[in-house]
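Report on the following structure.
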2 protein chains.
Amino acid sequence: MADQVITLSDVAAAAGVSLSTASKALNGTDRISQATREHVRTTADRLGFRHNALARSFARGRSQTIGVLTHRASNPFTRVVLATAATELGAKEQAILLYDARIGDRDVTESILQLRARRIDGVIVIGTGTSFPSPSLTSRFDVPVIYAFTFTEDPDDVTITADDDEIGRLAVRHLLSKGRRKIAHITAEPHDNAAQRRAAGAQEVLADAGLEWVSPVRFGRWREGWGAEAAAELLAEVPDVDAIFCGSDAIARGAERVVRASGREVPGDVALIGVDNWEQLMHDQRVSRHLTTIDVGLEEIGRQVAAHLLEPDPQPGIRYVTPQVVTAETT
Amino acid sequence: MADQVITLSDVAAAAGVSLSTASKALNGTDRISQATREHVRTTADRLGFRHNALARSFARGRSQTIGVLTHRASNPFTRVVLATAATELGAKEQAILLYDARIGDRDVTESILQLRARRIDGVIVIGTGTSFPSPSLTSRFDVPVIYAFTFTEDPDDVTITADDDEIGRLAVRHLLSKGRRKIAHITAEPHDNAAQRRAAGAQEVLADAGLEWVSPVRFGRWREGWGAEAAAELLAEVPDVDAIFCGSDAIARGAERVVRASGREVPGDVALIGVDNWEQLMHDQRVSRHLTTIDVGLEEIGRQVAAHLLEPDPQPGIRYVTPQVVTAETT
DNA sequence: GTGATTTGCGAAACCGCTTTCGCTTCCGAG
DNA sequence: CTCGGAAGCGAAAGCGGTTTCGCAAATCAC
C-alpha cells in the first residue's frame, strides 16, 4: 500500500510506447491499432494502474462530478434521491459532490461558487417536495441543472417530481373500490402546493363518482398531532364517516389513534389511507406495513434524475413520477 | 456569465506582479509584504477571481474532499450524518463526495478505488447503527478513515457511534422516575448489537433498583408489526404490566396500538417509551411528538465526525455520543 | 508504378495552480 | 564601511494527464 503510485508514464514506459499513445489507448480515443491498444491495456492492468482522477479532470476541464444542493434539514427524500442517483452515476465513475445549503438563504451563493470552482458537470437541486417553488438557479450555472422533488418559477427548468394530483386520485379511487362512500380528507397547510393538489385530485375522482366530501377538507399541519386533533373534530361532526384520506402517513397515524380510541374499528368502521411510505425506505429490508398508503415514487425520481443528468439534452419542463397504492391493514 | 473565466494569471497581470507572487499572496504562504498582499487580494476581488479548485487540488495533490461510503438503502442516519458533516466541512471549502456502496459486498472495492483515484483527504464510513460490525476498511486507504454509526473489528479504528447501553439505562430510569415498577421490554433481533446492549443497559438499572423484567425480554424484529404482536402476548401473560420499553419507535407504535385496543389507557395504565426520534429529523420544523422516546444523538455524531476529520491525529477507539430522553405524551 | 489518403504513433503544448530555488535589496551588527 | 542574514519577489519546474499536430509508413485508387 505504501508502494509508489503508478502513473501513466510508468505504463507507457513498461509498454514501450509514448505517453500520448498510452493515454489514447486507454481512453479509446484517436486512432490506435488494436494490437497496441490491447498491449497497453494489459500492461496497465498488470501494473494496477488507475488514472489520477484529479489530473484527468484538470486536463479535461470536467470533473466527472455532479453537485447537489439541498436544504440542510430537508426530508428523507434527499437521502433516497441521493442514494439512488449516486448508485446510478457511480457506475459511470461519476461521483456526487454534496453541498449542503439553505436554499433560499443568502449563502446559497457561496455553495454555488464552490461548485462552480470545482467545475462540476451538472447540478441536482433537491427540494422539500411540498410547499413553495424553489428559486430557479439554472442561470447561475453553465452546466445542466435538474430539480428533484420541487418545482421552480421557470417553466424551462428540468424538473422531476411527484404527481400530487394523481396521489389524490389514487387514494380516493382506492377507498371507493373498498366500497366507502362517506369520505373525509385531513391534510396539511392550505398554501402547501402538495396538499392543495392532492386535495384537488381527490376531489376530482370524488366528483366523477357523484360524491362530495362528507365534511369540508381539514387543512392543518404535516404532523401526527394535527391528524389526531382533526380526526376528533371530524368524528364529532360526522359520526358515520367511513373513510379518511390523510395527506401524510404522520397525519394518518394520529387519526388512527383517535379513531380507535373512539371505539371504532379500523378498517371495519373507518378505513384510513396515508401518503409517503417513507418507512419502506428507512430500512434495508422491505418492512411489512400496517397503514395503507400511497408511495410517491422516490426511488424512481432518483433514477430519473440520474438518467436525465447523463442525457445530452434533457427535455425542459416538469416530469411527474407515478405514485402507487401500497395496500395494508387499514383499508 | 458567458464571460471568460478569470485565472490567477489574469489577476497577477492586473496587479502587476508575477504569477507566483499572486499565488502566495492569496494563499498567505511564504513571505510577501503586507502591501502586495493587500493589493493582490483587492484586485482578485475586483475581478471576481475564484481559484479553479480542480487545478489547485491537482497541484497540491489533495482534493479538499471527503469520501463517504454508505450502504445503499441504509437508514436515515446516513442523511443526518451527511447533512451535518457537509455543513461543517463545507464551511472549510471541504466538500463531501458520496460513493454509494454495498459495504460488505464485493464491489465496495470498486468504490474504494474510485475514491483513491480522486485523492480524497479522508473517508467516512456510515454504518447501519445496529447489527454487526463493519469490516475495517482503514488499511485500504492511506488517509484517515472514520466510522460513524457502526463499529469495526479493529479496535484502533476511529469510531463514533450511539451509546446503546446508555440508551437502555436512560429509558428504564425514565420509567422508574414516573413511578413504574412492572416494566417489560420489546426489542429487535437477539443477535443485533444495538438491541443487546440496550437491553443490557436497561437491565442494569432495573437490577440496581432491585427489580427485574416483569416478563422475559421479547426479541423479534425492528418493525411495527412485531411491536403489536409482542405487546399482545405480553398483555396476555402479564395483564398488569405498567410500562413497556420498546427498542425502537416503530416497535413502540405497534405496541401502543395494541395496548389501546385492549382498553388500557396510555400512559394511564401503561407507559410507553421508544428509541430513535427520527421524525424530528424528517422535517424542517421540530415537530411535537406524541411518543416519548430516546434521541440517539445523530446530529451530534455528524458534528463529531466532521470535527475528527479535520483534526490532524484523531484518537483511535470508539467514542460514544450521549443519548437524551425526549418526553412526550406516552409516559 | 505513381500520387493521394489513411493509419499509427510520438513530440510537445497545455490545463491553472503550487512550490522550490535563486536573485536582489534592505537592514542591523560589528 | 563591510558583511551576514533576512525579506520580498520572480523564473521555472512540476503535478499527471489530454490533445493537437506533424511525420513516416502503409494502403488505396487509377
Side-chain angles (χ1 to χ4, degrees), chain A residues 3-41 43-44 47-65 93 113-114 116-121 142, chain B residues 3-41 43-44 47-65 93 113-114 116-121 142:
Chain A
D3 297 9
Q4 208 56 2
V5 173
I6 310 286
T7 78
L8 185 56
S9 25
D10 295 337
V11 175
V17 299
S18 78
L19 182 61
S20 46
T21 302
S23 171
K24 284 178 272 192
L26 293 179
N27 287 315
T29 60
D30 214 341
R31 300 164 307 191
I32 296 288
S33 76
Q34 193 58 31
T36 317
R37 195 182 302 283
E38 287 299 326
H39 180 221
V40 172
R41 291 213 167 136
T43 51
L47 298 180
F49 169 76
R50 261 227 161 203
H51 285 98
N52 177 334
L54 242 43
R56 183 180 232 189
S57 298
F58 169 55
R60 295 218 258 233
R62 287 175 304 108
S63 59
Q64 300 269 96
T65 303
E93 300 221 356
L113 290 176
Q114 287 191 21
R116 289 179 60 102
R118 283 176 184 257
R119 300 292 186 270
I120 39 138
D121 303 344
D142 40 19
Chain B
D3 297 9
Q4 208 56 2
V5 172
I6 310 286
T7 78
L8 185 56
S9 26
D10 296 336
V11 174
V17 298
S18 79
L19 181 60
S20 46
T21 302
S23 171
K24 286 178 271 192
L26 292 179
N27 287 314
T29 59
D30 214 340
R31 300 164 306 192
I32 296 288
S33 76
Q34 193 58 30
T36 317
R37 195 182 301 283
E38 287 297 326
H39 180 221
V40 172
R41 292 211 166 138
T43 53
L47 298 180
F49 169 76
R50 190 104 192 173
H51 284 98
N52 178 333
L54 243 42
R56 181 179 237 191
S57 297
F58 170 54
R60 296 218 258 234
R62 286 175 303 109
S63 60
Q64 300 268 97
T65 302
E93 300 222 354
L113 290 176
Q114 288 191 21
R116 289 180 60 103
R118 282 175 185 260
R119 301 290 186 272
I120 40 141
D121 302 345
D142 41 19

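Naming convention: chains lettered A, B, ... in sequence-line order (proteins, then strands); numbering from 1 in each chain.
Counting heavy atoms from C-beta outward, A:V40 and A:L26 have side chains that approach closer than 4.5 Å. For the pair A:T65/A:R118, no side-chain contact is recorded, criterion being any heavy-atom separation below 4.5 Å from C-beta on. In this structure the side chain of B:R50 reaches within 4.5 angstrom of the side chain of A:Q114, judged on heavy atoms. Looking only at side-chain heavy atoms (C-beta outward), B:R116 and B:D142 come within less than 4.5 Å of each other.
Comparing the end axes of the helix from C:dG1-D:dC30 to C:dG30-D:dC1, each fitted to five base pairs by superposing C1' atoms of four pairs onto the next four, gives an inter-axis angle of 30° (nearest 10 degrees).
Here the closest non-hydrogen pair linking A:A25 and A:I32 is N-CG1, 4.3 Å. Considering every non-hydrogen atom in both B:S63 and A:L54, the closest pair reads CB-CD1, 3.9 Å. Shortest non-hydrogen contact noted between A:L47 and A:V11 is CD1-CA, 4.0 Å. Of all heavy-atom pairs between B:V5 and B:D10, the closest is O-OD2, 3.8 Å.
Summarising the geometry, atom CZ belonging to A:R37 is positioned 10.5 Å from atom OG1 belonging to A:T21; distances are rounded to the nearest 0.5 Å. Interatomic distance, A:R60 CZ to A:D121 CG, rounded to the nearest 0.5 Å: 9.5 Å.
For DNA chain C, the residues of residues 47-64 of chain A within the heavy-atom distance limit of 4.0 Å (strictly under) are A:F58, A:A59, sorted by number. Proximity of residues 23-33 of chain A to DNA chain C (heavy atom under 4.0 angstrom from any strand atom) is restricted to A:K24, A:R31, A:I32, A:S33.
Rounding to whole angstrom units, NE2 of residue B:H39 and C1' of D:dG8 are separated by 16 Å. In this structure, CD of B:E38 is placed 17 Å from C1' of D:dC9, rounded to the nearest angstrom. Summarising the geometry, the separation between CD on B:Q34 and P on D:dA7 is reported as 14 Å, rounded to the nearest angstrom.
With the nearest nucleotide of DNA chain D identified for both B:R119 and B:G16, B:G16 has the one nearer the 5' end.
OP1 or OP2 of C:dG10 lies within a sub-4.0 Å distance of a side-chain N or O belonging to A:T21. Taking side-chain N and O atoms only, A:T7 has no distance below 4.0 Å to OP1 or OP2 of D:dG16.
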### Task
Begin with the C-alpha distance, continue with both residues' side-chain angles, and end with the deciding distance and a verdict on side chain to side chain contact (heavy atoms under 4.5 Å, CB included) for B:L8 and B:L19.
CA-CA 7 Å; B:L8 185 56; B:L19 181 60; 3.8 Å; yes
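Looking at the side chain of B:S18, the nearest of the listed nucleotides C:dT18, D:dA11, D:dG16 is D:dA11. The nucleotide whose nearest atom lies closest to any side-chain atom of B:T36 is, among C:dG16, D:dG10, D:dC9, D:dC9.
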